[in-house]
Amino acid sequence: MMRAIDATRLYFDRAADHMDLSANIRELLLTAKREVSVQIAVELDDGQISTHIGYRVQHDDARGPMKGGLRFHPEVDLGEVRSLAQLMTWKTALVDLPFGGAKGGVAVDPSKLSPREMERITRKFVDGIHDVIGPDVDIPAPDMGTNSEVMAWIQNQYQKYHGFNPGCVTGKPVELFGIPGREEATGRGVGILAFKMMGRLGRKPQQTRVALQGFGNVGSHAAKFLHEAEFKIVAVSDVSGGYYRPEGLDIPAVLQYSREHRGLKGFKQAERISNEKLLELDVELLIPAALGGVITAHNAPRIKAPMIIEAANQPVWPDADVLFHEQGKLVLPDILANAGGVVVSYFEWVQNRQHYSWGINRVRQELDRVLADSFERVWSMAQERNVSLRTASYMLGIGRVGRATMLGGAT
Ligand code: NAD
């Protein structure tokens, strides 16, 4: 079975082949700068001791301090974190932020933890890594299983060692040095890019049926934005399964239900389907916004949607990607599709360093501009070089990192 790190390597090599990168430079660009793994032993509410492993992989800092989310999920392992850290390097470069790439993770199931247990795990993790992170070194942010509350604990724990410095982490609550619009940013970005892509293809949102997998931070905000832009969302899902209504779902009602019930479980105004079936629906646009590796050679032949936007990281495996390219399906890759989050994280970091608060309108306006520019560049590159949107995105990201590495002196 293919691992996440092999998938990233394959995508990297495909782009590097078009760029004539030598084997030595490839090795240099792929090798992580630092990898840390720490023990996280905490006392649970019932007095038992529970031990976990926390990872932080700092992939590349040629273009600036390293940036990347922190994932709490039972399947987290070093390979996955490595691969996600690398994706962050190409992503920050692709959207031209002055950052490098990193990622962190703890192998733990947040749904089985009380808030106090989550807090203890987070603080213990910071105890283990505080020396190697910081506003000029490596800046964590939310990812699957973590949220603004977790970021607030990280800030607080980091400051116990290093003094006041809210720029040490992003995705914080707005009341605690966060920036308005961060929480919606990734989902909004998915929506903006969907809109841009439809524009390029001359297709109207009203005629575009959407199936969306995952209804957490990214999925729910993407649903809200797409609904407001008049896309027709016919299916959504979360860990409890899929909810399908061919005539289009009442998205405000789904959002309210999910807020009130902390998920979609029990939502009645739709037909129940499985998460696997959701991917295979007869729709124009498919948006996986939950886990990686959900579309592989195994189910790719059954996927009907001609357009896929990778809101999640690595939802489409390379074997499926090849088939889609041959079939003429359009795949907007993760490193562009979900870059909205890191763009607004960058604004938050700038705000923290300037001690000047940004308003929501400015955040939205600048986010829209950065993503629209990046989309145009990727689209043009794909056409000029006759490559997929993914290969074009990687070429742009890798090219920038490669040049910064050489200009700075690689050794
Ligand atoms: P989240 O924890 O807020 O939500 C995850 C969602 O996926 C939940 O609705 C959950 O029920 C659902 N889910 C879990 N297991 C599932 C399964 N087996 N089948 C279907 N659904 C399942 O996470 P998030 O922050 O929304 O992140 C989702 C994806 O987007 C991840 O791949 C993450 O790396 C990526 N991403 C997130 C951000 C961000 O700003 N949060 C930024 C970039 C990329």
Side-chain angles (χ1 to χ4, degrees), residues 4 7 67-76 80-81 83-85 87-88 90-92 94-95 101 103-105 108-111 118 140-151 169-172 178-179 181-190 193 211-224 235-243 254-255 257-259 261-265 267 273-279 286-295 299 309-316 332-346 348 367 371:
K67 189 87 193 79
L70 176 62
R71 179 175 285 199
F72 282 4
H73 192 274
E75 277 152 39
V76 161
E80 181 185 74
V81 179
S83 140
L84 292 167
L87 282 187
M88 285 307 297
W90 317 134
K91 188 183 300 182
T92 51
L94 170 61
V95 292
K103 197 82 180 190
V108 68
D109 186 349
S111 69
M118 279 278 275
D143 191 72
M144 264 177 97
T146 60
N147 55 21
S148 59
E149 207 176 354
V150 175
M151 302 305 118
V169 61
T170 60
K172 300 178 292 292
I179 196 165
R182 171 61 184 91
E183 204 170 293
E184 69 174 21
T186 309
R188 181 185 174 84
V190 169
L193 292 162
L212 179 63
Q213 180 180 67
F215 212 70
N217 176 301
V218 179
S220 65
H221 284 108
K224 184 163 177 282
V236 295
S237 75
D238 70 0
V239 71
S240 72
Y243 304 81
V254 181
L255 285 163
Y257 186 92
S258 146
R259 258 194 312 273
H261 298 81
R262 300 186 74 195
L264 300 171
K265 193 168 181 201
F267 183 71
I273 55 170
S274 66
N275 260 301
E276 293 71 43
K277 267 274 160 310
L278 178 137
L279 298 171
L286 175 63
I287 308 184
L291 307 172
V294 291
I295 302 174
N299 59 351
I309 297 187
E310 292 186 324
N313 280 313
Q314 304 185 303
V316 177
L332 195 74
D334 46 11
I335 58 172
L336 177 58
N338 64 35
V342 73
V343 172
V344 177
S345 270
Y346 167 60
E348 181 177 335
L367 168 65
L371 291 181

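No hydrogens, no waters, no symmetry mates; every other heavy atom, side chains included, goes into these values. Atoms within each ligand, like the ligands themselves, are counted from 1 in listed order.
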Examine the proximity of ligand 1 to T186 and report which part, side chain or backbone, both or neither, has a heavy atom under 4.0 Å away.
-> side chain
What is the nearest protein non-hydrogen atom to atom 25 (O) of ligand 1, stated with its residue, atom name and distance?
-> N217 CB, 3.7 Å
Ligand-side contact atoms (ligand 1) for residue partner G145, heavy atom cut-off under 4.0 Å = 2 (O)
What are the atoms of ligand 1, with element, lying closer than 4.0 Å to any heavy atom of N338?
-> 43 (C), 44 (C)
Which residue and heavy atom of the protein sit nearest atom 6 (C) of ligand 1, plus the separation = G216 N, 3.7 Å
Sub-4.0 Å heavy-atom approach of Q314 to ligand 1 | no
Is there a donor-acceptor pair closer than 3.5 Å between any side-chain N or O of N299 and the backbone N or O of V294?
-> yes
Which residue and non-hydrogen atom of the protein lie closest to atom 7 (O) of ligand 1, and at what distance in Å?
-> A290 CB, 3.4 Å
Please report which non-hydrogen protein atom sits nearest to atom 37 (C) of ligand 1, along with the residue it belongs to and the distance in Å to one decimal place.
-> V218 CG2, 3.4 Å
Mind checking what makes ring-ring contact (aromatic ring centres under 6.0 Å, His included) contact with F215, not counting sequence neighbours?
-> none
What protein heavy atom sits nearest atom 23 (O) of ligand 1, and how far away is it?
-> M144 CG, 3.4 Å
Test item: H261 side-chain N/O and G263 main-chain N/O as donor-acceptor pair under 3.5 Å | no
For ligand 1, the portion of N275 having any non-hydrogen atom under 4.0 Å away = side chain
Taking heavy atoms and a distance under 4.0 Å, where does S240 meet ligand 1: side chain, backbone, both or neither?
-> neither
Does a side-chain heavy-atom distance below 4.5 Å link Q314 with D334?
-> yes
Atom pair CZ (R262) and OG (S111), whose distance is rounded to the nearest 0.5 Å = 10.0 Å
After noting the C-alpha distance and the side-chain angles of K67 and T170, does the key distance pass the side chain to side chain donor-acceptor pair (under 3.5 Å) rule?
-> CA-CA 9 Å; K67 189 87 193 79; T170 60; 2.8 Å; yes
Kindly write out the residues that satisfy side-chain contact (heavy atoms from CB on, under 4.5 Å) with S237, not counting sequence neighbours, or none if the list is empty.
-> Q213, N275, L278
Nearest to atom 14 (C) of ligand 1, what protein heavy atom do you find, and at what distance?
-> V239 CB, 3.9 Å
Ligand-residue contact atoms, ligand 1 with R182, heavy atoms, under 4.0 Å | 40 (O)
Identify which one of E348, E183, E149 satisfies the salt bridge (charged side-chain N to carboxylate O under 4.0 Å, His left out) criterion when paired with K172.
-> E348
A student checking ligand 1 against A289 at a 4.0 Å heavy-atom cut-off should list atoms 28 (C), 29 (C)
V342 contact mode with ligand 1 (heavy-atom cut-off under 4.0 Å) = neither
Residue pair R71 / T146, side-chain donor-acceptor N/O under 3.5 Å = no
